[in-house]
Every structure is written in structure tokens, then in C-alpha cells.
Amino acid sequence: ENREGIVDNLRKQGVNLKGIRMNQGKRQDDGWKKWQTETCDEELPIEDNFMVIGGKISNGLVVFDCDFQDFKIIEKLFPNILNQTLVIQTGNGYHIYLFLDKPCTNFKLKKDGKIIETKAEGGYVIGPSSKHFDKDENSQYYLSGKVYKIISNVTTIKSESYDNIFSRLGRNGWKGSGIKDFGNVT
């Protein structure tokens with residue numbers, strides 16, 4: 001799917017998007033925070049990347065940012081996920097997009113040295129079709145040559161139960177400081 005189609009599809013699902021100038025890498029200035037509560041309808045220049053903003057402004061969107069390459073782990077946590085919701089291959093892992101029925105904050109879950117971060121209220125991820133940046137040893141962003149690519153068979157975002165998702169993660173041994181009993185964010 002082309003960039004224009006991707007952007008149009010996400011916006012039709014109520015997802016808030018904001019452009020990122022290419023010279024900024026993944027980093028945003030504080031001005032982006034207003035888009036956590038206001039809809040951004042500005043045009044997203046094709047030469048720039050864009051961010052997908054999580055939380056209430058985007059219909060309760062939570063992106064599970066999986067910072068590992070082993071897709072078998074994801075399939076165990078989210079069975080048949082490629083046929084159920086939008087999944088993006090990033091430069092270093094995967095983004096799983098879900099609309100949850102309860103508010104969620106941003107936190108990290110860990111298991112066996114692997115990390116899943118939730119990007120929800122107050123958080124964002126880089127959008128599909130954007131160019132991927134890595135950081136060097138001086139924390140400077142540089143283009144990696146990779147692109148955020150849709151790998152799912154569907155581009156709609158699935159609605160899911162917060163309690164079901166976090167109970168499943170807990171039963172599979174994922175632990176995080178942002179969750180108490182995998183049902184209530186602390």
C-alpha cells in the first residue's frame with residue numbers, strides 16, 4: 001500500500017497522526033504534545049516520516065512495540081495476529097496495533113532479556129512507510145536503510161479487551177513495573 005493510502009486508512013480509523021521532519025530522527029520537540037488531545041489534520045509531506053499517537057485521541061490505540069526479531073514469541077502471545085490487526089515490521093522488531101477498551105499508560109514489559117513497550121496515552125511510534133532511524137554511540141540519529149513495513153494481511157486495527165491482553169501477557173511470564181496484577185495500570 002502506498003503512503004497516501006496508509007495515512008488515509010489510519011485516519012479513517014480515528015488514529016491521530018503528526019509529521020516528523022526527517023532531520024529529527026524519532027525525536028520530537030515539546031510542541032507535539034498538544035496532539036495528544038487535539039486532532040492533527042495537517043498534510044504529511046511524503047519526504048518526511050510521521051508519528052502515530054496512542055491513547056484516547058486515537059480511539060484508545062495501544063501499540064505494542066516489540067523490540068526483538070523472533071516473531072514466534074509474538075505468535076504465542078497474539079495467536080493468528082497477522083490476520084487480525086495491523087502489524088508493522090520495524091527496523092528492530094514489530095509494532096502490534098490494538099484498540100483497547102480501557103485506558104493504558106506507557107510502560108515496559110520484560111521476559112528473558114526481551115522487551116515489549118506499550119505506546120499509548122502520551123506515547124507514539126513511527127508510522128508505517130516511514131524510514132527507520134537508529135542511534136549511534138553518541139545518541140545521534142542516522143538512517144538505517146530500513147523502512148517501517150506493513151506485514152499483516154489486514155490493515156484494520158482490532159478492538160481488544162485490556163484485561164484479556166494483559167492477562168495473557170502475565171500468564172506467559174511477561175513482567176512490568178507499570179502493571180499491577182496485569183489488569184490495572186498503576
Side-chain angles (χ1 to χ4, degrees), residues 15-16 18 20 24-30 32-33 35-36 49-79 81-82 84-128 130 132-141 144 146 148-149 151-152 157-186:
V15 176
N16 206 18
K18 167 80 174 82
I20 301 176
Q24 290 181 268
K26 296 180 184 180
R27 189 176 306 125
Q28 279 297 299
D29 54 35
D30 286 338
W32 85 271
K33 291 184 178 184
W35 304 115
Q36 294 174 25
N49 283 347
F50 68 97
M51 67 168 71
V52 176
I53 301 169
K56 185 177 178 181
I57 192 69
S58 291
N59 283 332
L61 178 67
V62 177
V63 178
F64 291 82
D65 184 357
C66 305
D67 287 333
F68 50 86
Q69 297 285 336
D70 188 350
F71 200 77
K72 290 177 187 167
I73 295 170
I74 292 169
E75 288 175 321
K76 182 176 181 180
L77 296 172
F78 304 96
I81 195 69
L82 294 177
Q84 294 186 20
T85 196
L86 183 61
V87 179
I88 309 301
Q89 184 172 25
T90 70
N92 301 314
Y94 303 92
H95 288 163
I96 312 233
Y97 286 57
L98 293 169
F99 292 126
L100 296 187
D101 61 351
K102 291 182 183 178
C104 185
T105 58
N106 303 304
F107 51 85
K108 290 182 182 182
L109 301 169
K110 298 178 182 179
K111 179 183 177 184
D112 300 330
K114 307 264 191 287
I115 297 173
I116 298 175
E117 289 184 73
T118 59
K119 302 293 186 170
E121 199 64 44
Y124 68 89
V125 295
I126 305 302
S130 294
H132 181 262
F133 281 82
D134 268 326
K135 278 187 186 177
D136 64 19
E137 61 277 354
N138 298 317
S139 294
Q140 298 299 310
Y141 283 109
S144 70
K146 301 173 186 173
Y148 290 81
K149 179 182 174 189
I151 62 166
S152 52
I157 301 169
K158 180 183 180 184
S159 294
E160 183 65 81
S161 161
Y162 177 101
D163 292 335
N164 287 347
I165 289 291
F166 289 107
S167 292
R168 186 179 320 133
L169 287 163
R171 284 192 310 271
N172 281 279
W174 289 83
K175 307 285 183 212
S177 61
I179 297 191
K180 182 179 181 182
D181 299 326
F182 289 93
N184 300 304
V185 174
T186 57

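- The side chain to side chain donor-acceptor pair (under 3.5 Å) check on Lys149 picks up nothing, with sequence neighbours excluded.
- Rounding to the nearest 0.5 angstrom, the gap separating the CG atom in Leu109 from the SG atom in Cys66 is 9.5 Å.
- To the nearest 0.5 Å, the span separating CG on Asp65 from CD1 on Ile126 amounts to 10.0 Å.
- At distances below 3.5 Å, at least one donor-acceptor pair connects side-chain atoms of Asn106 with backbone N or O atoms of Glu121.
- Aromatic ring centres of His132 and Tyr148 lie closer together than 6.0 Å.
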>> For a side chain to side chain contact (heavy atoms under 4.5 Å, CB included) check, start with the C-alpha distance between Val15 and Tyr97, then their side-chain angles and the critical distance, and finish with the verdict.
In response: CA-CA 11 Å; Val15 176; Tyr97 286 57; 5.7 Å; no
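- Aromatic rings from Phe78 and Phe64 are positioned such that their centres are separated by under 6.0 Å.
- Salt bridge annotation for Asp70-Lys114: absent, with no cationic side-chain nitrogen under 4.0 angstrom from a carboxylate oxygen.
- Side chain of Ser58 to main chain of Leu61: no donor-acceptor pair is present (N/O by atom type, distance under 3.5 Å, no hydrogens or angles).
- To the nearest 0.5 Å, atoms CZ (Arg171) and CG (Leu77) are separated by 10.5 Å.
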>> With side chain to side chain contact (heavy atoms under 4.5 Å, CB included) as the criterion, how do Ile73 and Trp174 come out once you've worked through the C-alpha distance, each side chain's angles and the decisive distance to 0.1 Å?
In response: CA-CA 11 Å; Ile73 295 170; Trp174 289 83; 3.9 Å; yes
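- Checking each of Ile96, Leu82, Ile116, Val87 against Ile74 for a side-chain contact (heavy atoms from CB on, under 4.5 Å) leaves exactly one that passes, namely Ile96.
- The 12-atom threshold is exceeded at NZ of Lys111, counting heavy atoms of other residues, nucleotides or ligands nearer than 6.0 Å.
- Under the 3.5 Å distance criterion, the side-chain polar atoms of Thr118 are left unmatched by any main-chain donor or acceptor of Ala120.
- Under the 3.5 Å distance criterion, the side-chain polar atoms of Gln84 are matched with a main-chain donor or acceptor of Pro79.
- From Thr85, atom OG1 reaches atom CD1 of Ile157 across 6.0 Å, with rounding to the nearest 0.5 Å.
- Counting only distance, with no hydrogens or angles, the side chain of Ser130 and the backbone of Phe50 share a donor-acceptor pair below 3.5 Å.
- Residues Ile53 and Lys18 form a side-chain contact, since some pair of their non-hydrogen atoms from C-beta on lies under 4.5 Å apart.
- Taking 4.5 Å as the limit, every side-chain heavy atom of Asp101 sits out of range of all side-chain heavy atoms of Phe99.
- Annotation: Phe166 is in aromatic contact with Phe107 [ring centroid separation under 6.0 Å].
- The shortest distance between side-chain heavy atoms of Phe133 and Ile20 does not fall below 4.5 Å.
- Put simply, OG on Ser152 and CD1 on Ile88 are 6.0 Å apart, with the number rounded to the nearest 0.5 Å.
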>> I'd like to know whether Asp134 forms a side chain to side chain contact (heavy atoms under 4.5 Å, CB included) with Asn92, so could you lay out the CA-CA distance, the side-chain angles of the two residues, the decisive distance to 0.1 Å, and finally the verdict.
In response: CA-CA 9 Å; Asp134 268 326; Asn92 301 314; 3.2 Å; yes
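- Residue Gln89 is tested with His95, Lys146, Gln69 for a side-chain contact (heavy atoms from CB on, under 4.5 Å); the sole match is Gln69.
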> For Tyr162 and Val62, what are the C-alpha separation, side-chain angles and deciding distance, and is it a side chain to side chain contact (heavy atoms under 4.5 Å, CB included)?
Replying inline: CA-CA 10 Å; Tyr162 177 101; Val62 177; over 6 Å; no
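- Once rounded to the nearest 0.5 Å, the distance linking CZ of Arg168 with OG of Ser161 reads 9.0 Å.
- Within the 3.5 Å criterion, the main-chain N or O of Trp35 finds a donor-acceptor partner in the side chain of Asn16.
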